[in-house]
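Below is one structure, written out as C-alpha cells; comments come after it.
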Amino acid sequence: MNSNLFIYNTLSRTKELFEPLKPPFVGMYVCGPTVYGDPHLGHARPAITFDLVFRYLKHLGYKVRYIRNITDVGHLENDEDEGEDKIAKKARVEQLEPMEVAQYYSDRYFLFMDKMNVSRPSIEPRASGHIIEQILMTQKILDAGFAYVVNGSVYFDVNKYNEKYGYGRLSGRKIEDMVSNTRKLEGQDEKMNSVDFALWKKAQPEHIMRWPSPWSDGFPGWHLECSAMSTKYLGEQFDIHGGGLDLLFPHHESEIAQSTAATGKASVKYWMHNNMITIEGQKMGKSLGNFITLDEFFTGNHKSLTQAYSPMTIRFFILQAQYRSTLDFSNEALQAAEKGLKKLFAGIDTLSKLVPSVYLKIEDRGQRTDKDFHSPSSIIHPLLQGCYNAMNDDFNSPVVIANLFEAVRIINSVYDKKESISAEDLEEMKNLFNTFVFEILGLKEEKTDSGNELVDGLMETILSLRQRARENKDWPASDQIRGDLEKMKITVKDTKDGAVWNID
RNA sequence: GGUAUCGUGGCCGAGUGGCUAGGCAGAGGUCUGCAAAACCUCGUACAGCGGUUCGACUCCGCUCGAUACCUCCA
C-alpha cells in the first residue's frame, strides 16, 4: 500500500504524491449527473475516469468509499428571481411528476453505466433525499456569518468569505476581476454583490419542487448538495473530489467556500478534473446541442454515426486518452478503438492457448545478460512494471494500453512459434492481463452467440462440410460457404489447426 | 475583456533536454489454394519566430491558432 501514486491536484496544478488522510481508508466524492436528460458521451468520461481511479485504489489495497451523487433537484435554471429548477421546468413541459422524470433518467443512467462496466459507487445519494442536511448546512453558514437572508432566500456572502479565506484559489480567479466582469443579469437586486450565490431560494408560486425551511418554502441552491452530501458521508475533510473540468468554476469553487465557511477548514485534499470530449474540436454538451447520447452510440441511430459502437468500444476509446486531455470524437477514432480492442481480446484469447516451452535456459544457472530475453525478469516483468508506473503517474491509461499491446505482440509471436515463453513468463503474462485489462481498466469481452450449443453444433457441421470441400480442393464450394457465413456476420479463418469462427 | 489549458506524422493519442510510445489507416515482405489473422520492415511528426544550452519537440519569451470557464452543462 506504500505506493508511489502521484495525482494531479488542480489546487496546486502539480502532480502530488497521494497520501490519504486516514490510511488505509480513502474517501472520494465525484459530481454525478443531473437526471433530466438521456446520458450522452460526455457523461461517460467522468464515470469511466473515476471508475478507473476507484478500481486502481482498491487494487492498491485501499478501502475506498466512493460517493457519486444524483442531482435530481437543486440546479437553478439561472440565478434570477424566477430561477426555476431544471427538473421542474422539464416536468411541466412534459406534464409529468418531477420525480418521475428524475427516476426515469436515473434508471437510464444506471443502465448505460452498467453496460460500460462502470462499477457502482459505494453510495449514490440523491439531492432530494438530503434537503435537511442542506438546510442545516445553510444554517451553519449563516451562523458563521458568511451568508444573509433576503426575502426568504439565503445568499452566500462571497466578499466576506474572501476577506477571511480567499475565494478563487481553485480556479485562479480574483474576485475583483469577477466583479467587474460578471454579466449584468436581470433581477439580481436581492444580492448584495453580483458574485454572491444562492444557498436557498424561495420558490415562486408556480415552482413545483419545494420544501419547507426556516426562511421560506423553497429549494436549495445549486452548489449546496455536494457540500452537504460529501460532508455527511465522508466527513468534514476527505481525500479526493472529482468532476468534469467544466464544473471547476463556479461549482467547485463555491463548494470549497461553503464547506470552509461552515467548518473553518478546507474539505478536500486532492481535486481531480477530467477534461471534455469534443466533437469537431468543440465541447460536446447540452447547451451546444451537439451531443450524442449513449443509446445512440450503442444503436448507431444518429446522423453523425456511420455505425453502432459497443459499450466496451466507448470505454476503450475513453481509456485510450489520459483523463486530463481533451478527447476528440470521430467515427474514424472510434473505429480505430474498436479494432484495437478486438486485437487486444484476440490476443487474450490466444494467450489461453499458449503452451510454455520446456527447454532449460542457460540463464537459469544464475548469470543473466541482456540477451536473456525469455526470462520473466527481462520481458514480461518490465511490461507489468510499465503498467504500474503508468497508473502511478496520474492514471496514465494510454501508456498501460501501449504496454498491453506490446504483450499482445509477444503472445502472437509465441503462438506463431517465432518466440518461446517459459512457464513463469506465461503465468506472469496471465496475471498481467487479469490485473490490468479486467480488474483495473475494467474491460470485458462482449461475447455474442458463441457458447450457444445449437449454434456451436450447426457451425461444426457446416465447417466440416467446408473442410471436406477444401480437402477435395473444391475452392468454389469452400469459398461460397465462407462468403455466405460472412453475410451473416460470421467470420471464418483458416489456421493451421483448422478453421475458427466468430460472430461480429 | 479576465482566468485556465493546449497546439505532436493521414486520423486518434502518449512522452521526453541528447535514447521506440501505442492504436487505426497506408506501402513492401513472410505465411496461406485464396482470403482473413498474425509476424517483420517503412514513412524521418512535434504551429511559427527568437533566446538559453554542447544539444530542444521537450526550458524561457513573443506571435499565430484552438478549446474550456466567467450563465445550467460531465
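In what follows, chains are A, B, ... by sequence order, proteins preceding strands, each numbered from 1. A quick note: this is a predicted structure, and the numbers were derived from the prediction, not measured.
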Atom CG of A:Leu351 and atom C1' of B:A38 are separated, to the nearest Å, by 15 Å
Taken to the nearest whole Å, CG/A:Leu248 to P/B:A4 is 11 Å
Sorted by position of nearest nucleotide on RNA chain B, 5' first, the leading residue of A:Arg324 and A:Cys31 is A:Arg324
On the nucleotide [N], are OP1 or OP2 found under 4.0 Å from the side-chain N or O atoms that [X] carries?
X	N	result
A:Lys418	B:C40	no
A:Asn396	B:A14	no
A:Lys174	B:G2	no
A:Arg409	B:G22	no

For RNA chain B, the dot-bracket notation using Watson-Crick and G-U wobble pairs below 3.5 Å, [ ] for pseudoknot-type crossings and | for other-strand pairs, is (((((((..(((.....[...))).(((((.......)))))....(((((..]....))))))))))))....
Distance between the [atom1] atoms of [N] and [M], in whole angstroms?
N	M	atom1	value
B:A56	B:G50	P	13 Å
B:U41	B:U58	C1'	29 Å
B:G61	B:U5	P	12 Å
B:G17	B:U53	C1'	9 Å
B:G9	B:A27	C1'	15 Å

Item to complete: For A:Ser325, report the nucleic acid contact type (base, sugar-phosphate, nothing); a contact means any heavy atom under 4.0 Å.
Response: sugar-phosphate
- Query: Using centres under 5.5 Å plus planes under 30 degrees as the test, is A:Trp475 stacked with B:G33?
  - Reply: yes
A:Glu471 vs A:Gln467 side-chain heavy atoms within contact, under 4.5 Å = yes
- Can you find a heavy atom in the side chain of A:Phe54 that is under 4.5 Å from one in the side chain of A:Met28? yes
Under 4.0 Å between a side-chain nitrogen and a carboxylate oxygen: does that hold for A:Arg409 and A:Glu406? yes
message: Centre-to-centre under 6.0 Å for A:Tyr309 and A:Phe329, is that the case here?
response: no
